[in-house]
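Along the sequence shown, the residues carry numbers beginning at 1. These values consider heavy atoms only, across backbone and side chains, with no hydrogens, waters or symmetry-generated copies.
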Amino acid sequence: MSWRETLGITPATDTTRSHNAQNMHNTVIAANNADCASSAYRGSIKNEADLLAAFSMACRGLPISASDALATLSQVDIQDWRNGDIDDKFIADYTRMLAQHCQ
């Protein structure tokens with residue numbers, strides 16, 4: 001006899017999905033499934049997590065942190081980045097310039 005039968009609980013009728021083997025009793029809510037935290041914006045709106053990731057790549061090997069480099073941007077700069085006017089190459093060049101300036 002199962003614990004559900006012992007306690008008099010009716011069997012679950014929800015369908016389970018194999019992507020979440022640890023919580024097979026939970027159903028899938030499509031809006032909650034994502035490859036990463038920023039994937040909901042992928043391809044449409046760039047968010048600051050994406051910008052911080054770009055600075056993280058640009059700061060590798062430099063004596064400046066990504067958060068410090070990001071803090072130097074104005075809201076206009078961030079909007080220009082969202083519009084595509086500032087690309088990753090510009091971010092890398094800007095970060096190198098900041099690192100040289102801070103030394």
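With values rounded to the nearest 0.5 angstrom, M97 atom CE is found 12.0 Å from L62 atom CG. Taking CD1 of I91 as the start and CG of D77 as the end, the distance is 10.0 Å to the nearest 0.5 Å.
You'll find the side chain of L73 stays beyond 4.5 Å of the side chain of W81, heavy atoms only.
Applying the side chain to side chain donor-acceptor pair (under 3.5 Å) criterion to D80, with sequence neighbours excluded, gives no partner residue. In terms of the side chain to side chain donor-acceptor pair (under 3.5 Å) criterion, Q100 has no residue partners (sequence neighbours excluded). The side chain to side chain contact (heavy atoms under 4.5 Å, CB included) test applied to T72 returns Y94, L98, not counting sequence neighbours.
Counting only residues at least two apart or in different chains, salt bridge (Lys or Arg N to Asp or Glu O under 4.0 Å) contacts with residues 64-75 are absent. Counting only residues at least two apart or on different chains, the salt bridge (Lys or Arg N to Asp or Glu O under 4.0 Å) pairs with a member in residues 93-103 are K89-D93, D93-R96.
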What donor-acceptor contacts under 3.5 angstrom involve side-chain atoms of residues 51-58, with partners at least two apart or in another chain?
from, atom 1, to, atom 2, distance (Å)
S56, OG, L52, O, 2.9

